[in-house]
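What follows is a single structure, written as structure tokens, with notes after it.
All residue numbers refer to positions in the sequence shown, counting from 1.
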Amino acid sequence: MGSGGARVSASLSLEHVERLRALVAARLGLHFEDDKLESLRDALRARLEESGVSDAETYLARLALPGSARAELQRLAARLTVGETYFFRHPDHFRAFEEAVLPGLLASRAGARRLRLLSAGCASGEEPYSLAIALDRLLPDRTSWQVEVVAIDVNPDALEAARKGEYSEWSLRETDAETRARYFRRSGRAYELDPALRETVTFEERNLKDADAAFWRPGAFDVIFCRNVTMYLEPAVTRAAIARFGRALGPGGHLFLGYAETLRGISSEFHLCHTHETFYYRMRALDEPRPEPRIEPEPHAEPAPWLPEPDASWVEAIQRSSDRIATLVTAPPDSGARAGPAPAGRWNLHEPLDLLRQERFGAALESVRALPDAARDDPDALLLQGVLLVNTGQVKEAERVSARVLAADELNAGAHYVMALCRERAGDLAGAADHDRTAAYLDAGFAMPHFHLGLLAQRRGDAAGARRALETALTLFSREDAARILLFGGGFSREALAGLCRARIQALGGRG
Ligand SMILES: C[S@@+](CC[C@H](N)C(=O)[O-])C[C@H]1O[C@@H](n2cnc3c(N)ncnc32)[C@H](O)[C@@H]1O
């Protein structure tokens, strides 16, 4: 796009920035929230100055021409992507990879003696090189295996740094002394990666948005690491990329996402694995039943009409909660309906929800059981039943109902939480904590599992752990969905739950 250093004198309008946002979403697949518009404005200003294009109109028009702006898109990608990474980031993932995934993989690939790993969104290379180091350390008889680590990223500058293989002390902050000594050489203040290891990783510039049947061919990879990447993508791009990962992995293939990323509402092709205090996914076998995908409202969509205002009255909250659940319940699979007012008079949950609020759990249970069969069997209605069963002490029945929900949708955070309550009542505190952690992982805004984890930790005598979990719960309660407080809060209000948290934190020596 030309060259030079023209100053951008005219100020950039919001419309220019919005157009850049739309182009960046369409051409690069990157998603920018409203609170990131300033960084788009800065990028636009910088690119105008660097490329010598005199005005935003011309620049945006050129960027919109299909196929004509590849070099400019690369420059924009370099400017707009977040490249934060380091060696052995999320060490639990590497432990799970080494101890839970690799042994099975080595056994199943013992015949072909071939392994292919992909680091998707590899940034400056720390992740794929960490995988290469792990394989080098762990593969018995390494030379008789054909191992490939492929690493892709949309940012050409990051890939250039990756190929160079020179790192700072900061990049090695999770790398032990033995690994440093074995795989790196000190060169002034930098650490140079062993050239032999460097050669085992292939870097490629590639956008996860783009389909390429040859690259994503069936069975192309055994394991994919795509961590801390989907959080920056348009939801539709994430869905398409995950579908490609599934095909390229094939049955039994493994997928690692970042700690704050889940497949909830994105794909039901994968089974959630929970081990080494972390989570990853395994592609289901061909004959494994797939749950009906439940499409979640997109996180940055307009607020759904059923979302209560923070100060909504109970009546309003119940109305909206009920509408929300009734909508989920009543929307036929092919209706395309997402959220909106419930069709009048059908499967009305006002009564059981209102009884739940009044802590009249038995009556609420009767009311929900009186729903027509189709409504009663919907996961949301089942979940309500599960909650009411726990609250009326019918723990075995509650567990059976939650297990039904999880059999249909193992990524249902609410059902994991009800299961946690059931396991606790059955005396299985470790099982309870596992379900709480799963619920908290699947839905990062869900306060109750953290609250419950805090209580469980306190029961175990782990004061520091209890305080941490309760502090997280306290923060989350302030913005927790009113519908969810109604369903899972045991009849307590937001303020009461926050008050309970504060009191416990203070009793545990914290500031509350
Ligand atoms: C925060 S880094 C994560 C690095 C590494 N996976 C980790 O977890 O440490 C995110 C990387 O994803 C890359 N990325 C973002 N959008 C992408 C896309 N559409 N296709 C390929 N890579 C992308 C960015 O360029 C950046 O290098």
For residues H416 and S402, determine if any side-chain heavy atom of one lies less than 4.5 Å from a side-chain heavy atom of the other. no
Examine Y129 together with F203 and report whether their ring centres are nearer than 6.0 Å. yes
Any donor-acceptor pair under 3.5 Å from Y281 side chain to L263 backbone: yes
Return the OG1 to CD distance between T175 and E126, rounded to the nearest 0.5 Å. 9.0 Å
Please confirm whether the backbone N or O of A190 pairs with a side-chain atom of S187, one donor and one acceptor, at under 3.5 Å? no
Are any of the side-chain heavy atoms of R502 and L474 separated by less than 4.5 Å? yes
Between L135 and L117, is there a side-chain heavy-atom distance shorter than 4.5 Å? yes
Rounding to 0.5 Å, atoms CG (L131) and CZ (F97) come to a distance of 5.5 Å
Donor-acceptor pair, S119 side chain versus A151 backbone, under 3.5 Å? no
Can you tell if the side chain of T58 reaches within under 4.5 Å of the side chain of R62, non-hydrogen atoms only? yes
Should we say atom CD of E277 is surrounded by more than 12 heavy atoms from elsewhere, each under 6.0 Å from it? no
Sub-4.5 Å side-chain heavy-atom contact between L159 and C122: yes
A cation-pi test, strictly: NZ or CZ of R47 under 6.0 Å from the centre of the six-membered ring of Y59 and no more than 45 degrees from its axis. Yes or no? no
Tell me whether E480 contacts the main-chain N or O of R494 through its side chain, where contact means a donor paired with an acceptor under 3.5 Å. no
Do the side chains of D210 and R27 get close enough for a salt bridge, i.e. N-O under 4.0 angstrom? no
Salt bridge or not between E15 and R19? Use side-chain N to carboxylate O under 4.0 Å. yes
Drop me the distance from Q74's CD to L28's CG, to the nearest 0.5 angstrom. 10.0 Å
Inter-residue atom distance L80.CG - N155.CG, 0.5 Å rounding: 9.5 Å
Got a second to check how far L233's CG is from C226's SG, nearest 0.5 Å? 7.0 Å
CZ of F279 to OG1 of T438: how many Å apart, nearest 0.5 Å? 4.0 Å
Is any side-chain heavy atom of F221 closer than 4.5 Å to one of V150? yes
Just by modelled atom types, is the S13 backbone N or O under 3.5 Å from a matching donor or acceptor in the H16 side chain? yes
Any Y259 side-chain heavy atom under 4.5 Å of D92 side chain: yes
Exam field: side chain R89 to backbone E84, donor-acceptor pair closer than 3.5 Å: yes
Any side-chain heavy atom of R79 sitting closer than 4.5 Å to one from L40? no
Identify all side-chain donor-acceptor contacts of residues 240-254 below 3.5 Å with residues at least two apart in sequence or on another chain.
unit_1, atom_1, unit_2, atom_2, d
R244, NH1, L208, O, 2.7
R244, NH2, K209, O, 3.4
H254, ND1, G252, O, 3.3

If we ignore hydrogens and angles and just use 3.5 Å, is the side chain of E410 paired with the main-chain N or O of L272 as donor and acceptor? yes
Starting from the C-alpha separation in whole Å, work towards a yes-or-no answer on side chain to side chain contact (heavy atoms under 4.5 Å, CB included) for H90 and F256. CA-CA 11 Å; H90 307 333; F256 286 78; over 6 Å; no
Any salt bridge between R227 and E127, counting N to O under 4.0 Å? yes
Using distance alone, with no hydrogens and no angle criterion, decide if H274 and R437 have a side-chain donor and acceptor under 3.5 Å apart. no
Can you tell me if R21 uses its side chain to pair, donor with acceptor, with the backbone of F32 under 3.5 Å? yes
Assert yes or no for the condition that the ring centre distance of Y280 to H93 is strictly below 6.0 Å. no
Using a 6.0 Å cut-off, check whether atom CD of E99 has over 12 heavy atoms from anything other than its own residue. yes
Heavy-atom neighbours of R468 CZ exceed 12 at 6.0 Å: no
Whether E261 side chain and N228 backbone form a donor-acceptor pair below 3.5 Å: yes
Using 30° and 60° as the class boundaries, would you call the ring planes of F184 and Y167 parallel, tilted or perpendicular? perpendicular
